[in-house]
*Asks:* 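Sharing a structure, written as structure tokens. Questions coming.
Each residue takes its place number in the sequence, starting with 1.
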Amino acid sequence: IITALKEIGEGKLLNEKGKPIISPQRIKTLREKYKAHRQIYDQNHKHKEFTNWFFEKKLLGYSYSYTLRQVFEEPEHTFTPVLRAKSLDDGSEVKIVGVVTDCFKRKSKKGNNYLSVELSDETGRIRGMMGDTQKEKKLEKWLQTHKQPEEDQIVVLVGKKNKDTVFIDSLKIMDEIVAFSKKDLKD
């Protein structure tokens, strides 16, 4: 189709009367509409495995091709499965990639703000917490440069495990790199 449109635009494909099959104005409109679709394709093509995982999860409810760890894992970035993280000793450093199933920001009884994020991967669910204390306003500083994760977003959480909770040192949202439509494209 793209080759045919290119030939029509170059004036190579003509009807039986010798005139272009499509008017020059219509060709211009098609080219403009094509640009956005090409940008979506290019953006998603940069991250093929993640895009496949994302669309399979969104459309099928599960990913047949990849796990999140397989999508993001590189030699310098190894992720801990949730099931394994839960069995580690308290104080162990963990790095988990997962889907946000619940996230809220509240104020504790002592008046400190905290963020609670529940993550899930293919092996289970775990709660992550980041909070402010009287000495350190960690959450406040983090929220100045980041937005709070929302349900169904993919995040990478790094922190220390304590019982069934991970106390978050860093949190990064990852699903901003997939485009469904023109509004999802980065400028």
*Asks:* Test N44 against F55 for side-chain contact (heavy atoms from CB on, under 4.5 Å), laying out the working first.
*Replies:* CA-CA 11 Å; N44 291 341; F55 283 114; 4.0 Å; yes

*Asks:* For V100, is there any backbone N or O sitting under 3.5 Å from a side-chain donor or acceptor partner on E118?
*Replies:*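 Such a contact is absent between E118 side chain and V100 backbone.
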
*Asks:* If we ignore hydrogens and angles and just use 3.5 Å, is the side chain of Q70 paired with the main-chain N or O of T67 as donor and acceptor?
*Replies:* yes

*Asks:* Is there side-chain contact between K172 and V155, with at least one heavy-atom pair below 4.5 Å?
*Replies:* no

*Asks:* With rounding to the nearest 0.5 Å, note down the distance linking NZ in K138 to CG in D132.
*Replies:*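 So the gap between those two atoms works out to 10.0 Å.
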
*Asks:* Between L171 and I173, is there a shared hydrophobic cluster once you connect ILVMFWY residues whose side-chain heavy atoms come closer than 4.5 Å?
*Replies:* yes

*Asks:* Calculate, to the nearest 0.5 Å, the distance between atoms OH and CD belonging to Y66 and E122 respectively.
*Replies:*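 Taking OH in Y66 and CD in E122, the distance rounds to 13.5 Å.
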
*Asks:* To the nearest 0.5 Å, what is the distance between NZ (K107) and NZ (K110)?
*Replies:*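 Separation between the atoms: 14.5 Å.
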
*Asks:* What heavy-atom pair brings G91 and K160 nearest, and what distance separates the two atoms?
*Replies:*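 Of all heavy-atom pairs spanning G91 and K160, the closest is O-CD, 4.0 Å.
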
*Asks:* Can you confirm whether L119 sits close enough to T101 that some side-chain heavy atom of one is under 4.5 Å from a side-chain heavy atom of the other?
*Replies:* no

*Asks:* Return yes if some donor-acceptor pair links the side-chain N/O of N15 with the main-chain N/O of G18 below 3.5 Å, else return no.
*Replies:*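 Here the side-chain-to-backbone pair exists.
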
*Asks:* May I have the step-by-step check of side-chain contact (heavy atoms from CB on, under 4.5 Å) for Y114 and R106, ending in yes or no?
*Replies:* CA-CA 6 Å; Y114 69 93; R106 296 227 172 96; 3.7 Å; yes

*Asks:* Does a salt bridge link D42 with K46, judged by any charged N lying under 4.0 Å from a carboxylate O?
*Replies:*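 Salt bridge: no.
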
*Asks:* With rounding to the nearest 0.5 Å, note down the distance linking NE2 in H47 to CH2 in W53.
*Replies:*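 Separation between the atoms: 15.0 Å.
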
*Asks:* Any non-hydrogen side-chain atom of V82 less than 4.5 Å from a side-chain atom of I96?
*Replies:*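 Answer yes - side chains close enough.
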
*Asks:* Donor-acceptor check, side chain of E32 to backbone of T29, threshold 3.5 angstrom: yes or no?
*Replies:* no

*Asks:* Measuring from atom CZ of R38 to atom NE2 of H45, what distance do you get when rounded to the nearest 0.5 angstrom?
*Replies:* 8.5 Å

*Asks:* Looking at R84 and S87, what are the two nearest heavy atoms and their distance?
*Replies:* O-OG, 2.8 Å

*Asks:* Give a yes or no answer on whether the side chain of H146 reaches the backbone of W142 with a donor-acceptor pair at less than 3.5 Å.
*Replies:*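 Yes, because the side chain of H146 sits within donor-acceptor range (under 3.5 Å) of the backbone of W142.
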
*Asks:* Would you say R127 has more than 12 foreign heavy atoms packed within less than 6.0 Å of its CZ?
*Replies:* yes

*Asks:* Go through the steps to decide whether L157 and K95 satisfy the test side-chain contact (heavy atoms from CB on, under 4.5 Å), and finish with yes or no.
*Replies:* CA-CA 6 Å; L157 175 148; K95 186 173 188 177; over 6 Å; no

*Asks:* S120 side chain to G124 main-chain N or O, any donor-acceptor pair under 3.5 Å?
*Replies:* no

*Asks:* Give the intermediate values and the outcome of salt bridge (Lys or Arg N to Asp or Glu O under 4.0 Å) for residues D121 and R69.
*Replies:* CA-CA 9 Å; D121 69 4; R69 286 187 316 285; 3.5 Å; yes

*Asks:* Can you confirm whether F54 sits close enough to I154 that some side-chain heavy atom of one is under 4.5 Å from a side-chain heavy atom of the other?
*Replies:*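 Yes, at least one pair of side-chain atoms sits under 4.5 Å.
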
*Asks:* Can K161 and E93 be said to form a salt bridge (Lys or Arg N to Asp or Glu O under 4.0 Å), step by step?
*Replies:* CA-CA 6 Å; K161 184 219 177 230; E93 178 104 5; over 6 Å; no

*Asks:* Where do A85 and I126 come nearest, in terms of heavy atoms and distance?
*Replies:*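 It is CB-CD1, 4.3 Å.
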
*Asks:* If Ile, Leu, Val, Met, Phe, Trp and Tyr residues are connected whenever their side-chain heavy atoms lie under 4.5 Å apart, and connections chain through other members, are L88 and V166 in the same group?
*Replies:*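 Yes.
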
*Asks:* Measuring only between side-chain heavy atoms, which start at C-beta, is K19 closer than 4.5 Å to L14?
*Replies:*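 Not touching, per the 4.5 Å side-chain cut-off.
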
*Asks:* Just so I know, are the side chains of L143 and L139 near enough to count as touching, which here means a heavy-atom distance under 4.5 Å?
*Replies:*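 Counting from C-beta outward, L143 and L139 do come under 4.5 Å.
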
*Asks:* Can you find a pair of side-chain heavy atoms, one from F79 and one from V156, that are under 4.5 Å apart?
*Replies:* yes

*Asks:* Please report the shortest heavy-atom distance between E56 and S65, naming the atom on each side.
*Replies:*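 In this case the closest contact between E56 and S65 is OE2-OG, 2.6 Å.
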
*Asks:* Considering residues, nucleotides and ligands other than F104, do more than 12 of their heavy atoms fall under 6.0 Å from its CZ?
*Replies:*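 Above 12, so yes.
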
*Asks:* So which atom in S170 and which in I168 form the shortest heavy-atom distance, rounded to 0.1 Å?
*Replies:*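 Heavy atoms only, the tightest pair is O-CG2, 3.3 Å.
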
*Asks:* Where the side chain of T123 meets the backbone of L83, is there a donor-acceptor pair that is under 3.5 Å apart?
*Replies:* yes

*Asks:* Measuring from K57:NZ to Y62:OH, what's the distance to the nearest 0.5 Å?
*Replies:*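 K57 NZ to Y62 OH: 11.0 Å, rounded to 0.5 Å.
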
*Asks:* Do K163 and D90 have side chains that approach each other closer than 4.5 Å (heavy atoms only, starting at C-beta)?
*Replies:*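 Contact flag for K163/D90 side chains = yes.
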
*Asks:* Which atom names give the shortest non-hydrogen contact between C103 and P149, and what distance separates them?
*Replies:* SG-O, 3.4 Å

*Asks:* When you look at Q148 and K105, which way does the side-chain contact (heavy atoms from CB on, under 4.5 Å) test go after all the steps?
*Replies:* CA-CA 8 Å; Q148 181 175 322; K105 182 181 158 204; 3.6 Å; yes

